[in-house]
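Written out below as structure tokens is the structure these notes cover.
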Amino acid sequence: MLIESQFVVSDAIVNETCLAGDPWTGIVKKGQTFRILDLDGNQAVDTLFYNANDATERYSAVDTIQRQGQIYLTTGSVLYSSEGNPMLTITADTCGRHDTIGGACSAESNTTRYALSKRPMHSCRDSFMHAITHSACVIERNITKRDITANINFFMNVPVTSDGGLSFADGISAPGKYVEMRAEMDVLVLISNCPQLNNPCNAYNPTPIQLLVWN
């Protein structure tokens, strides 16, 4: 469901740009609102959430899908944790569909989907790994590669085919589209702004995103 935000950019307490292919991490406190803005359109934003006070509790794709009977996220969707607790609620969305099952690209998936020669190319898995070894707010919570689980792909369009397969389709986002979430607990946000150069959904052109937080 498409709903626009009432928040004004100039009031944001965090306003940062994440370049294509880079990771981004941050803490969003309970009650704050977090926006991911697709600056140039059709950029996949692979995202993980953790309880900022106990990182063993993290976003659960299984609980989120099961509780809502829906594999796509939009306004009104609640993101649940591995403990069954609400982590964030989507309060505004101008894109309308966000993927929960396509997963993050990796050296292995690049090889399987595209070609053996694509294995060394940078991937979202690489960005997640970089963040857990270089970002202070992640390191101090003792997050390791074992904690990189199923992620959300904001702005990504992954229809399920009639035989149960996945189709990585053209994106439905556009420049300036965004999704906003209200934190229901203190959350650590871990993002890989997807570097994928092999998927036509972003016209083979990864682009920057903007991250904003409001009290």
Side-chain angles (χ1 to χ4, degrees), residues 1-7 28 30-38 41-51 56-106 109 113 124-125 128 147-174 176-194 196 199-202 209 211-213:
M1 181 166 55
L2 301 182
I3 293 182
E4 295 188 1
S5 171
Q6 300 302 309
F7 286 101
V28 181
K30 181 178 179 180
Q32 291 182 329
T33 293
F34 174 57
R35 177 188 293 181
I36 304 174
L37 173 64
D38 188 3
N42 294 336
Q43 174 61 21
V45 184
D46 294 43
T47 307
L48 291 164
F49 297 103
Y50 302 85
N51 181 334
T56 61
E57 181 178 13
R58 77 289 303 270
Y59 164 76
S60 168
V62 172
D63 286 87
T64 299
I65 293 168
Q66 188 274 331
R67 289 286 192 98
Q68 294 165 121
Q70 174 61 260
I71 61 174
Y72 305 116
L73 303 175
T74 187
T75 308
S77 297
V78 179
L79 312 185
Y80 286 93
S81 76
S82 52
E83 301 298 320
N85 298 314
M87 299 191 79
L88 304 105
T89 301
I90 297 179
T91 52
D93 181 18
T94 60
C95 176
R97 172 180 283 197
H98 307 276
D99 168 62
T100 59
I101 57 177
C105 59
S106 64
S109 67
R113 291 177 187 165
C124 284
R125 178 80 179 183
F128 286 147
D147 300 305
I148 300 174
T149 56
N151 60 282
I152 298 170
N153 293 310
F154 287 108
F155 308 113
M156 194 166 177
N157 184 23
V158 185
V160 176
T161 63
S162 58
D163 60 358
L166 300 182
S167 173
F168 292 85
D170 289 346
I172 58 173
S173 186
K177 299 288 188 181
Y178 57 81
V179 58
E180 272 184 10
M181 293 154 274
R182 181 184 64 243
E184 309 296 356
M185 63 171 69
D186 294 349
V187 294
L188 166 66
V189 184
L190 174 52
I191 283 174
S192 167
N193 191 24
C194 186
Q196 187 56 255
N199 193 320
C201 70
N202 65 357
I209 56 170
L211 295 313
L212 304 102
V213 177

As a quick check of understanding, evaluate side-chain contact (heavy atoms from CB on, under 4.5 Å) for I191 and I36, giving each step before the final call. CA-CA 10 Å; I191 283 174; I36 304 174; 4.2 Å; yes
Check whether any side-chain heavy atom of F49 sits under 4.5 Å from a side-chain heavy atom of V189, and report yes or no. yes
Would you say the rings of H98 and F155 are close, in the sense that their centroids are separated by under 6.0 Å? yes
Where do A183 and V187 come nearest, in terms of heavy atoms and distance? CB-CG2, 4.4 Å
Minimal heavy-atom distance between G176 and Y178, with the atoms involved, is O-CD2, 3.5 Å
Less than 4.5 Å apart, side chain to side chain, heavy atoms only: is that true for V78 and R67? no
As an exercise, state the distance from CD of Q68 to OH of Y80, rounded to the nearest 0.5 Å. 6.0 Å
Output yes when a side-chain donor or acceptor of T100 lies under 3.5 Å from a complementary backbone atom of A61, and no otherwise. no
In Å, rounded to the nearest 0.5 Å, how long is the span from CG of L37 to SG of C95? 11.5 Å
In Å, rounded to the nearest 0.5 Å, how long is the span from CG of L190 to CG of N151? 9.5 Å
Considering all heavy atoms, the nearest R97-I172 contact: CB-CD1, 3.6 Å
Intermediate values then yes/no, side-chain contact (heavy atoms from CB on, under 4.5 Å), L79 and L73: CA-CA 9 Å; L79 312 185; L73 303 175; 3.6 Å; yes
Test item: D147 side-chain N/O and T56 main-chain N/O as donor-acceptor pair under 3.5 Å: no
Output side-chain donor-acceptor pairs under 3.5 Å for residues 83-90, partner residues at least two apart or in another chain, one line each.
unit_1: N85; atom_1: ND2; unit_2: E57; atom_2: OE2; d: 2.8
unit_1: T89; atom_1: OG1; unit_2: E184; atom_2: OE2; d: 2.7

Kindly write out the residues that satisfy ring pair (Phe, Tyr, Trp, His ring centres under 6.0 Å) with Y59, not counting sequence neighbours, or none if the list is empty. none
Would you confirm whether D186, through its side chain, and K30, through its main-chain N or O, come within 3.5 Å as a donor-acceptor pair? yes
Shortest non-hydrogen contact from D46 toward C194: OD1-CB, 3.9 Å
Value rounded to 0.5 Å, distance of CD in Q6 from OG1 in T33: 11.5 Å
State, with a plain yes or no, whether a side-chain heavy atom of V179 is found less than 4.5 Å away from one of D93. yes
Between the side chain of T75 and the main-chain N/O of M1, is any donor-acceptor distance below 3.5 Å? yes
R35 and S5: side-chain contact (heavy atoms from CB on, under 4.5 Å), yes or no, with the steps? CA-CA 9 Å; R35 177 188 293 181; S5 171; 3.3 Å; yes
Calculate, to the nearest 0.5 Å, the distance between atoms CD1 and OG1 belonging to I71 and T64 respectively. 13.0 Å
Considering non-hydrogen atoms only, spot the tightest contact between I3 and T94 and give its length. O-CG2, 4.1 Å
Can you give me the closest heavy-atom contact between S60 and D63, atom names plus distance? OG-OD1, 2.6 Å
Spatial distance of atom CE (M185) from atom CG (N51) [nearest 0.5 Å]: 5.0 Å
Counting C-beta onward and ignoring hydrogens, is there a side-chain heavy-atom pair between F154 and Q43 closer than 4.5 Å? no
Using atom types as modelled and distance alone, determine if a side-chain donor or acceptor of D99 lies under 3.5 Å from a backbone N or O of G102. yes
